[in-house]
Structure formats: C-alpha cells, structure tokens
Amino acid sequence: MSHPTDDELVDLALGEPVDADRSAHVEQCAVCSASVEQLRRTARLASGSESYAGWHAPDDAVWARVTAQIDADDPLRAEVPDTATAGTAYAPEPGPADATVTPISAGAARVTRRRAAAWGAALVAASLVVGLLAGRAIWSPDESGSVSQVALKTLDTRQREGEASVVRTGDGLDLTVVTDRPLDAGDGYLEVWLINADGKRMVSVGVLRPGETGTFPISQALIDQGYVVVDISKEQFDDKPAHSGDSLLRGQLPA
Amino acid sequence: MHVHDDPDIESAELAVRLAGGDREALAEMYRRWSPLVHTVALRALGTREDAEDVVQQVFVAAWRGRGTLRPERGSPAAWLVGITKHRVADVRTQRYRAHRNLQALASEVVTEPATPHDSDWAERLLLVHELERMGDPRATVLRMAFIEDRTHDDIARTLEMPLGTVKSHVRRGLLELRDRLKEVERVASD
C-alpha cells in the first residue's frame with residue numbers, strides 16, 4: 001500500500017478523521033509515523049509561543065563588529081596590495097595635502113581577484129612577511145614621520161574614498177584621516193574609530209568634521225593590542241556612545 | 001507581477017546572492033534577522049553580552065559558511081537559527097567547563113549548571129517569526145488553530161471562510177513550518 005499524502009499525515013497528526021486503512025499503515029510504517037510525530041511537534045511548538053514577549057534587536061555596534069571581523073580574516077580584503085609599501089620611508093611629517101597624493105608603489109602586489117584566489121596562500125604568507133618587515137621598520141622607536149597608511153574604502157563597493165595614516169610625533173602617534181570628498185553626515189556627525197582585529201572591541205578616537213582632515217592622538221599600546229581597523233561611522237545625536245553600526249569608510253592598518 | 005511582494009522569493013534571492021559572495025546580501029540578512037538571532041540567544045543565555053557575542057559569531061559564520069546555505073530550502077531564517085543553536089551550545093559548554101573547573105578547585109561534586117533551560121526556545125521563536133512573516137489569512141488561521149486552540153469549524157465561522165479553505169491553510173501552513181524546523185535540525189546537527 002502506498003504512503004498517505006502529506007495532507008493525510010497532517011490530519012492524523014492533528015487528530016482529524018482519516019480512513020482507517022491509512023492510519024493502520026502509519027502505525028506499521030516507521031517513515032510515516034516519524035513524519036506524524038514531527039508534525040505533532042511542530043504544532044506543539046507553535047502552540048507554546050503565546051508567552052513570547054517581543055523581539056530584542058542587538059546593539060547597533062554588533063554589525064560593525066561583524067564586518068570588522070570579516071574584513072580582518074579575509075586576506076583579499078585586508079588591503080595587502082595597498083599597504084605593501086608601508087615599510088618604505090616617507091618624508092617626515094607629511095602634511096594632509098601630501099597624504100592624499102602619496103604614491104602607491106607599482107611594485108606592490110597588484111593582483112586580480114582571480115589570481116589572488118589561486119595565490120591566496122602565498123599572499124597570506126607574503127603579507128605576513130611584509131607585516132614583519134613593516135613592523136620592524138615602522139615601530140622602531142625615536143623616529144618621526146609617517147609610519148603606516150591605508151586606503152579607506154566603502155564597505156559595500158570597496159570604492160577608495162579616503163586615507164588614514166599614522167604619524168609618529170615627538171611624544172606618541174597621531175592618526176590622520178582625510179577623505180577625498182566631504183562625507184555626508186546627514187542630521188548627525190562623523191566619528192572615527194579604531195576597531196580591534198578580533199572584531200569584538202573598539203575605541204572612539206574622535207569626531208571628524210565633514211570635508212576636513214582630522215588628526216587624533218592615539219597610542220602605541222592601542223596598535224599593539226590589535227586596534228588596527230580605522231573606521232568612520234555616521235552617528236546620530238542620540239546619547240548613545242556606542243558605534244551606530246553605520247560605517248561609511250574603513251581600512252585596516254598593516255601589521 | 002511584482003515578485004518582490006513574495007517574502008519567500010525575496011528570501012531565496014538573498015540566499016543566492018549571499019552564496020555568491022555579495023556582502024550587501026549579508027547586510028540585508030542582518031537587518032532582517034539579527035533580532036530573531038539575538039532574541040533566541042538572549043532567551044538561551046540570559047545575558048546581553050553573551051547574546052551579542054553569539055549574534056556576531058552567527059553572522060560571521062554565515063559569511064564564512066555561505067556555501068552551506070541551501071537557497072531551495074526557503075527562508076535563510078531557519079538556517080541562521082540552526083547556526084545560532086550551534087553557537088549557543090558552544091557558549092553553554094564553555095560555561096559548564098568554567099563552572100566545573102571552579103567546582104574542582106573547591107573540591108566539590110561536579111554538577112550540571114544550575115539554571116534549567118527550555119531547549120526548544122530557538123524553534124519556538126523561529127515559528128513565531130515565521131507566523132509574523134506569513135501572509136494572511138493563513139497566518140491568522142494558524143494562530144487560531146494552534147495558539148488559540150480553536151476548532152476548524154469555529155475558525156471557519158469566525159472568519160466566514162469555507163471549512164475546506166480553513167483545512168487547506170492549516171495543512172499547507174503546518175507542512176511549511178515543519179520544513180523550517182527540519183532545516184534548523186539539519187544545520188544544528190552538522
């Protein structure tokens with residue numbers, strides 16, 4: 001005898017009248033009785049949802065953590081080609097105008113996505129080497145000047161629309177952020193963040209006025225602890241100190 | 001015909017786009033389903049901090065594991081809830097270990113964590129979500145049948161609907177909800 005239809009199984013599960021030979025089959029058939037049991041469980045779970053008390057959205061900052069973590073663990077998006085020059089010396093204390101036109105060396109690993117996929121492992125290894133070399137060159141003490149920089153790109157289209165650079169000053173580090181054109185803050189304002197590569201932690205470094213270059217004091221300790229993702233977010237005047245989750249531009253500092 | 005009026009078709013499109021590596025599809029999924037994921041985690045774990053960690057892990061895992069999404073199985077909501085169950089179980093295991101280690105330090109007998117939990121919360125909340133999403137009159141018929149526990153005759157009279165139509169909505173609806181739970185099970189048991 002053939003199996004009952006889905007409709008008949010539902011009727012059996014709900015205790016509706018069903019032909020006697022159909023219910024006899026289900027009692028004998030492991031597949032059908034499991035099916036009926038699944039349908040009963042579904043009905044039971046649906047009926048128990050009356051104590052449901054509403055949805056709770058996560059804090060907006062969680063989305064920024066998600067994208068930061070995805071960016072951090074994807075070498076194709078981790079700005080390796082653009083930052084491969086980080087170890088080379090720049091003129092000391094470049095002004096904001098210089099920062100926007102600092103040439104990216106043609107020797108930087110300029111790879112297409114397709115090739116990059118094939119060479120993914122090599123790229124990761126290369127970026128580690130670059131990172132180590134850069135790290136040695138960059139973070140040697142008592143040297144002034146630009147030590148690290150990264151293109152800031154939109155999260156969705158990866159369009160380059162600005163740049164962040166870390167400059168060593170007499171008594172610490174300055175993070176300078178410049179955008180190619182004024183960002184639209186809408187009714188709110190722009191805030192600059194350093195997000196940890198673990199995607200879990202972030203610190204606000206200051207407010208950026210649209211169309212202006214922003215320079216913010218940061219510390220070596222922050223960099224050492226992994227706060228290397230520069231992020232510009234659009235914030236509302238809502239008394240919420242956390243990241244809004246609305247990131248406009250982002251880039252990860254090398255090493 | 002506006003195909004986008006159908007939430008199922010829209011969800012399936014999102015699933016296809018995510019599987020193809022579209023970051024905007026992940027953002028859209030987050031907008032739609034992060035409250036569902038967060039509420040499940042919050043119910044299961046009790047603290048906002050742990051729940052938000054789970055939300056982060058679920059959407060990062062969704063991106064990394066986008067190849068395991070089966071667009072033909074309908075709404076990615078069930079897939080996300082399956083991943084959420086996984087993560088919640090991980091957090092519970094960590095808590096249990098921490099608890100056990102503390103107990104061991106104190107030379108006490110190892111016991112199960114004290115807080116009892118209803119292991120079906122994820123499924124219950126997914127069904128609430130699916131009922132909210134489902135168009136009327138089917139959603140109303142299902143609510144009256146399962147939540148209010150009314151007979152099909154009663155529902156037919158109240159909604160001034162033929163009895164056969166009521167039965168048909170109950171059957172289609174229950175089968176659809178059953179398929180969502182199967183998807184949760186598939187992902188959570190991976």
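All chains are named by letter (A, B, ...) in the order of the sequence lines, taking the proteins before the strands, and each is independently numbered beginning at 1.
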Using 0.5 Å steps for rounding, measure from the [atom1] atom of [X] to the [atom2] atom of [Y].
{"X": "B/Glu49", "Y": "A/Asp59", "atom1": "CD", "atom2": "CG", "result": "12.0 Å"}
{"X": "A/Leu39", "Y": "B/Leu174", "atom1": "CG", "atom2": "CG", "result": "5.0 Å"}
{"X": "A/Ser47", "Y": "B/Glu148", "atom1": "OG", "atom2": "CD", "result": "12.0 Å"}
{"X": "A/Thr42", "Y": "B/Leu177", "atom1": "OG1", "atom2": "CG", "result": "7.0 Å"}

Taking heavy atoms only and a threshold strictly under 4.5 Å, list by residue number the residues of residues 5-16 of chain A that touch chain B; give 'none' if the list is empty.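 Heavy-atom contacts from residues 5-16 of chain A to chain B are A/Asp6, A/Asp7, A/Val10, A/Asp11, A/Leu14, A/Glu16.
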Is [Y] close to [X] at the side-chain level, that is, under 4.5 Å between some pair of heavy atoms?
{"X": "B/Val128", "Y": "A/Trp55", "value": "yes"}
{"X": "B/Val55", "Y": "A/Pro58", "value": "yes"}
{"X": "B/Arg23", "Y": "A/Asp71", "value": "yes"}
{"X": "A/Gln69", "Y": "B/Arg64", "value": "yes"}

Take A/Arg65 and B/Phe59 through the side-chain contact (heavy atoms from CB on, under 4.5 Å) test and state the conclusion after the steps. CA-CA 10 Å; A/Arg65 285 156 47 178; B/Phe59 283 91; over 6 Å; no
Please report the shortest heavy-atom distance between B/Arg124 and A/Leu45, naming the atom on each side.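 Answer, listing the atom of B/Arg124 first, then A/Leu45: NH1-O, 3.7 Å.
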Over all heavy atoms of both residues, which pair between B/Thr39 and A/His56 is shortest? Give the atoms and the distance, please. OG1-N, 2.9 Å
Please name all residues satisfying side-chain hydrogen bond (donor to acceptor under 3.5 Å, both in side chains) with A/Trp63, sequence neighbours left out, ordered by chain then number.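 A/Trp63: no side-chain hydrogen bond (donor to acceptor under 3.5 Å, both in side chains) contacts found.
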Counting only heavy atoms closer than 4.5 Å, note whether [X] contacts chain A via side chain, backbone, both or neither.
{"X": "B/Leu126", "answer": "neither"}
{"X": "B/Asp53", "answer": "both"}
{"X": "B/Glu24", "answer": "side chain"}

Please identify each residue that fulfils side-chain contact (heavy atoms from CB on, under 4.5 Å) with B/Thr68, with sequence neighbours left out.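 Per chain and number, B/Thr68 pairs via side-chain contact (heavy atoms from CB on, under 4.5 Å) with B/Trp79.
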B/Glu123 vs A/Arg41, side-chain contact (heavy atoms from CB on, under 4.5 Å): CA-CA, chis, key distance, verdict: CA-CA 10 Å; B/Glu123 285 82 354; A/Arg41 175 165 182 264; 3.9 Å; yes
Selection residues 238-249 of chain A - residue pairs positive for salt bridge (Lys or Arg N to Asp or Glu O under 4.0 Å), sequence neighbours left out: none
Which atoms of A/Thr67 come close to chain B, meaning under 4.5 Å heavy atom to heavy atom: side chain ones, backbone ones, both, or neither? both
